[in-house]
Protein chains: 2
Amino acid sequence: MTQSGSITIEDVAKAAGVSRQTVSRVINFQPNVRQSVREKVEAAIAELGYVPNQAARRMGGSRSYQILAIFEKDAVGRSDGRLPLDQMMLAGLRVCGPRGYHLLFEEVDASGQKSLGDPSEQIARALTSLKPDGVVLCPSLEEDPGIRSVLDQRGVASDYLGQRSEFGRLVPGLDDGFFAEAAAEHLLALGHRQMGFVSGHHDPVRSARRRDGYRRALIKVGSRAHGHFISDAPLAFDEAFDLTRAWLTPTIRPTAIIAETEETARAVLRAAQSLKISVPDDLSLLVLDDAPGLSHCEPALTVLHQDYAAHFSQACERLITANTKSASAMTDNKNTDAREDGFALIDRESVAAPPRNR
Amino acid sequence: MTQSGSITIEDVAKAAGVSRQTVSRVINFQPNVRQSVREKVEAAIAELGYVPNQAARRMGGSRSYQILAIFEKDAVGRSDGRLPLDQMMLAGLRVCGPRGYHLLFEEVDASGQKSLGDPSEQIARALTSLKPDGVVLCPSLEEDPGIRSVLDQRGVASDYLGQRSEFGRLVPGLDDGFFAEAAAEHLLALGHRQMGFVSGHHDPVRSARRRDGYRRALIKVGSRAHGHFISDAPLAFDEAFDLTRAWLTPTIRPTAIIAETEETARAVLRAAQSLKISVPDDLSLLVLDDAPGLSHCEPALTVLHQDYAAHFSQACERLITANTKSASAMTDNKNTDAREDGFALIDRESVAAPPRNR
DNA sequence: GTGAAAGCGCTAACAT
DNA sequence: ATGTTAGCGCTTTCAC
């Protein structure tokens, strides 16, 4: 069926009795091709099993049908709130594939490798080698001015996971503050007022933004809990365990705790168990980071998590759309910003109303 | 510093006062360039910040510097023993990047999508579009004859995660039998004889191979436990819980259990707890699948896991090496097969000698 | 609406 | 050991 010696656009042109150019127009969905001709070409394509050669497209034209995702070495992984590269990739693949785009990942290592140069040089190299149509900068690379400027200089389209407003301006990057605020408000709505926050995130800056969001939510309803029940930095398991025990021992204690990661959540849970404090009857526990094992805790832990995969695929989509649009309509990108919230609640068994409300 | 209008091989040639071809030879580490000339060219490259254009290399030559990893939709993820795509990608990137290769991932969906055609057609399309130098077929795609034959026809180099011997012949694919055998032997060496095996793997075929390996190990030492303490199919949490309780209730009961996944491990642990059977004092628990939360169980769970990332990066490496070799030395690939075992023990707290041995 | 010509940046094959 | 000549398969630009 499929022949071995590559089938080129030339072959299709010949088979359809048209010029290469017409075939090119058809495969690129460009105008100025009569319907009848288009159909003839499409038939020839189907019959010959023609598939355009990616490298050749890049060579000839201006688009490369490649989008490049760049992430920081330490920012991806399976613990402490790191990015779920696997899920992001799957989501990205599913938007890129059908549109004929390919997705490439590149890791940059900020911790000064000598031979490779600094991160922006690494990226510059990748850009000239690959000439991607767009790049997705994963957190917290979007905050690196050196990288941003390389991208700008080259005029490479870039996008990010989410955006937030900072000092009244919209800046790229996840809105961790809003996210934590939403988490707190979820518990507030249930009636909780004495509410704790245990940090565990690998990125102290993002973690601090989350604590701010949590504070805002509590201040808004006039609770002073944020003065008492909050860790002032990301904690490891043992620290989180000790801190939680300290919170839960006195009579006045939180009725709900937000744990930033799987690890801290397990610590909180164990601390509660050690004190015979029942979850969720006496204490609600909300985790900001999902993991498969969380559904097999006793009780199963309720999670509100940032949907990194959705954020990522949306970034890919925007990049592709911008690329396609500018090629034809070139409508001004007024940045409609109908971005989703980008987080999702998985309601399991660890969150309930506070005791006095029942 | 770095100029915007692309710097090409031509620019370097001019700057170094040589021909394009000589520059090409230098960047490809080919022979027949005088040391002095080589240095002049290298200097020019460094000065101009030249980086070869990937697409152009593909167009001109026969190598594409791309390797394509293909996986099945349902075979990757974070539960039930699925492939850790993120870790594989990182490992792969780290071998490909330094050698100038790029890594692409492609998902195939066996569950008959109409528009895309069957898996081998999807792959055929990717192959003609990308012309990768090699492809890594992830489990259990290596068992699909249709896919293998597409690869063969096109003469695309392919490699796999591991290999095992089957009916006396070496076939591609992970050696799950040997792996489970090793797990059982680890416990056997500690003195366990009554040993259970709880399946939970998403792939029943691989799971069955593991159970066989476990059986072999027990038979080898004359234990009959494999007749009693083994699930006959992959189990979900509740089933694993019930089965384990059934095993642990009578007087004659296993002193060790191998759980295939995080989920089943948690089920076993809970079953033991519910029966007040202490782990590891009365029961050892060995898990075949790691997850971050496993180190925060009570007790922390000991894991022996297949190192998919290592398998994957080794496959990439072999592909690249073969590609490079054939370009210069073309030594016959006698398949030295110095492949690693490809699994690793993470010794935590859930495995100990059986009670009677202490 | 369609076609012809001219590259894109590189490497293979062949000179020299 | 080095240079020259052809392309690779596509898109762009510009004719028609």
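What you are looking at is a predicted structure, and each value in this text was computed from that prediction instead of being measured. Every chain is numbered from 1 and lettered A, B, ... according to where its sequence line falls, protein lines coming before strand lines.
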**Message:** Can you measure A:Lys14 atom NZ to C:dT2 atom P for me and round it to whole angstrom units?
**Reply:** 20 Å
**Asked** With nearest nucleotides of DNA chain D determined for B:Met59 and B:Ser19 from heavy-atom distances, which residue corresponds to the more 5′ nucleotide?
**Response** B:Ser19
**Message:** Can you tell whether the side chains of B:Glu143 and B:Arg148 come within less than 4.0 Å, N to carboxylate O?
**Reply:** no
**Asked** Does the D:dT12 base have a donor-acceptor partner in the side chain of A:Gln21 within less than 3.5 Å?
**Response** yes
**Prompt:** Under 4.0 Å: is that the gap between some side-chain N or O of B:Asn32 and OP1 or OP2 of D:dA1?
**Reply:** yes
**Asked** Just how far, in rounded Å, is C1' of C:dG9 from CG of B:Leu48?
**Response** 15 Å
**Asked** Quick one: is C:dT11 close enough that its OP1 or OP2 comes under 4.0 Å of any side-chain N or O from B:Arg57?
**Response** yes
**Item:** salt bridge (charged side-chain N to carboxylate O under 4.0 Å, His left out) assessment of A:Asp159 paired with A:Arg318
**Value:** CA-CA 8 Å; A:Asp159 212 316; A:Arg318 287 190 296 263; 2.8 Å; yes
**Request:** Verify the distance criterion only: is there a donor paired with an acceptor across the side chains of A:Asn28 and A:Arg63 at less than 3.5 Å?
**Result:** no
**Message:** Whole angstroms only, please: what is the CD1-C1' distance between A:Ile9 and C:dG3?
**Reply:** 13 Å
**Message:** Is there a side-chain contact between B:Arg20 and the phosphate of C:dG9, meaning an N or O under 4.0 Å from OP1 or OP2?
**Reply:** no
**Request:** Look at all strands and tell whether B:Gly61 reaches a base, only sugar-phosphate, or nothing, counting heavy atoms closer than 4.0 Å.
**Result:** sugar-phosphate
**Complete:** Separation of C:dC8 atom P from A:Asn53 atom CG, nearest Å, is 18 Å
**Prompt:** OP1, OP2 of D:dG3 versus side-chain N and O of B:Thr22: anything below 4.0 Å?
**Reply:** yes
**Prompt:** Distance from A:Leu68 atom CG to A:Gln66 atom CD, nearest 0.5 Å?
**Reply:** 8.0 Å
**Request:** Look at A:Ser62 and D:dT11 and indicate whether a side-chain polar atom (N or O) is within less than 4.0 Å of OP1 or OP2.
**Result:** no
**Prompt:** Which part of the nucleic acid does A:Arg25 contact within heavy-atom distance under 4.0 Å: base, sugar-phosphate only, or nothing?
**Reply:** base
**Request:** Would you indicate what B:Pro31 reaches in the nucleic acid, counting non-hydrogen atoms under 4.0 angstrom: base, sugar-phosphate, or nothing?
**Result:** nothing
**Main-chain N/O of B:Ala310 paired with B:Ser313 side-chain donor or acceptor, under 3.5 Å** = yes
**Message:** Side-chain N or O of A:Ser24 versus OP1/OP2 of D:dC10: is the shortest distance under 4.0 Å?
**Reply:** no
**Asked** Is a side-chain donor-acceptor pair under 3.5 Å present for B:Arg99 with B:Tyr101?
**Response** no
**Item:** Phosphate OP1/OP2 of D:dT11 contacted by A:Asn28 side-chain N/O (<4.0 Å)
**Value:** yes
**Asked** Taking CZ from A:Arg58 and P from C:dC10, how many angstroms apart are they, rounded to a whole number?
**Response** 10 Å
**Request:** Rounded off to whole Å, could you give me the NZ-to-P distance for the A:Lys131 and C:dG9 pair?
**Result:** 7 Å
**Fill in**
Between B:Tyr65 and A:Arg38, the residue closer to the 5' end of DNA chain C by nearest nucleotide is A:Arg38
**Request:** To the nearest Å, give me how far apart CD (A:Glu10) and P (D:dT11) are.
**Result:** 13 Å
**Asked** Does OP1 or OP2 of C:dG9 have a side-chain N or O of B:Thr8 closer than 4.0 Å?
**Response** no
**Prompt:** Rounded to whole angstrom units, what separation is found between the CG atom of B:Asn323 and the P atom of C:dT11?
**Reply:** 14 Å
